[in-house]
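Some notes on the structure that comes next.
The figures that follow rest on heavy atoms only: side chains count, while hydrogens, waters and symmetry mates do not.
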Amino acid sequence: MPDDTPVYLIAMLDITDMDAFRQDYGAPLQAINARYGVEPVLITPAPQVLEGTYDKTLTVVLKFPSAEAQQAWYADPDYQPLLQRRFELTNTETSVLMVAPGV
C-alpha cells in the first residue's frame with residue numbers, strides 16, 4: 001500500500017540567468033507539476049532571514065502528495081531536459097535541493 005504522507009521539496013538555488021530560468025525551466029515545469037499534484041508552497045527571491053546568512057537567488061518549497069509522487073516527478077522523462085537546463089542556469093556547487101516528509 002502506498003504511503004500518502006506529503007513530502008516537501010526545498011530548493012535553494014543560485015541562478016545565473018533569472019529570465020532564462022523562468023522561461024526555459026519554470027514555465028514548462030508547470031505541466032509536469034500538475035501531472036504529479038505538486039502544490040507550490042512558496043517561491044521567493046528574498047525571504048526574511050532571522051538567523052544566519054542567506055545568499056541564494058531563489059528559494060522554492062513544493063508540496064508533493066507522497067514520496068512516490070516526488071520520486072516519479074524527478075524521474076519523469078519529460079523532466080530530464082528541464083533538469084539539465086536547470087543545471088545549466090544555476091551554480092550546482094552552491095545550489096541545494098532536499099526532500100523532507102511532512103508532519
> For the residue pair Tyr79 and Tyr25, what are the closest heavy atoms and their distance?
Replying inline: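 The answer is OH-OH, 2.8 Å.
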> What is the minimum heavy-atom distance between Pro65 and Gly37, and which atoms define it?
Replying inline: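 Smallest heavy-atom distance, with atoms named: CD-O, 3.5 Å.
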Cluster question for you: counting only ILVMFWY and a side-chain heavy-atom cut-off of under 4.5 Å, with indirect links fine, are [X] and [Y] together?
X     : Y     : value
Phe64 : Ile10 : no
Val7  : Leu42 : no
Met12 : Leu83 : no
Leu62 : Leu82 : yes

> Mind checking what makes side chain to side chain donor-acceptor pair (under 3.5 Å) contact with Thr59, not counting sequence neighbours?
Replying inline: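 Counting only residues at least two positions away or on another chain, Thr59 forms a side chain to side chain donor-acceptor pair (under 3.5 Å) with Tyr54.
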> Taking only residues two or more places apart in sequence, or in another chain, which ones meet Thr44 in a side chain to side chain donor-acceptor pair (under 3.5 Å)?
Replying inline: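 Not a single residue meets the side chain to side chain donor-acceptor pair (under 3.5 Å) criterion with Thr44.
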Rounded to the nearest 0.5 Å, how far does [atom2] of [Y] lie from [atom1] of [X]?
X     : Y     : atom1 : atom2 : value
Ile15 : Lys56 : CD1   : NZ    : 11.5 Å
Asp17 : Glu88 : CG    : CD    : 11.5 Å
Gln84 : Phe87 : CD    : CZ    : 6.0 Å

> Is the side chain of Thr57 donor-acceptor paired with the backbone N or O of Leu13 at a distance under 3.5 Å, no angle test?
Replying inline: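 Yes; at least one donor-acceptor contact below 3.5 Å.
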> Can you check whether Pro28's main-chain N or O pairs, donor with acceptor, with Gln23's side chain at less than 3.5 Å?
Replying inline: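 Side chain of Gln23 to backbone of Pro28, a donor-acceptor pair under 3.5 Å: no, none is there.
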>> Per the salt bridge (Lys or Arg N to Asp or Glu O under 4.0 Å) rule, what does the pair list look like for residues 19-44, sequence neighbours excluded?
In response: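 Sorted result for residues 19-44: Asp19-Arg22, Asp24-Arg85, Arg35-Asp76, Arg35-Asp78.
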> With a 4.5 Å limit on heavy-atom distance, are the side chains of Gln70 and Tyr36 in contact?
Replying inline: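 No, every pair of side-chain atoms sits at 4.5 Å or beyond.
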> With sequence neighbours left out, what residues match Pro81 under side-chain contact (heavy atoms from CB on, under 4.5 Å)?
Replying inline: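 Partners of Pro81 under the side-chain contact (heavy atoms from CB on, under 4.5 Å) test: none.
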> Got a sec, which residues hit side-chain contact (heavy atoms from CB on, under 4.5 Å) with Val41, two or more places apart in sequence or on another chain?
Replying inline: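 By the side-chain contact (heavy atoms from CB on, under 4.5 Å) rule, Val41 matches Tyr8, Val61, Lys63.
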Per-pair distances, 0.1 Å, donor-acceptor, side chain in residues 91-100, under 3.5 Å, sequence neighbours excluded:
residue: Asn91; atom: OD1; partner: Glu93; partner atom: N; Å: 2.9
residue: Asn91; atom: OD1; partner: Thr94; partner atom: N; Å: 3.4
residue: Thr94; atom: OG1; partner: Asp14; partner atom: OD2; Å: 2.2
residue: Ser95; atom: OG; partner: Asp14; partner atom: N; Å: 2.9
residue: Ser95; atom: OG; partner: Asn91; partner atom: O; Å: 2.9

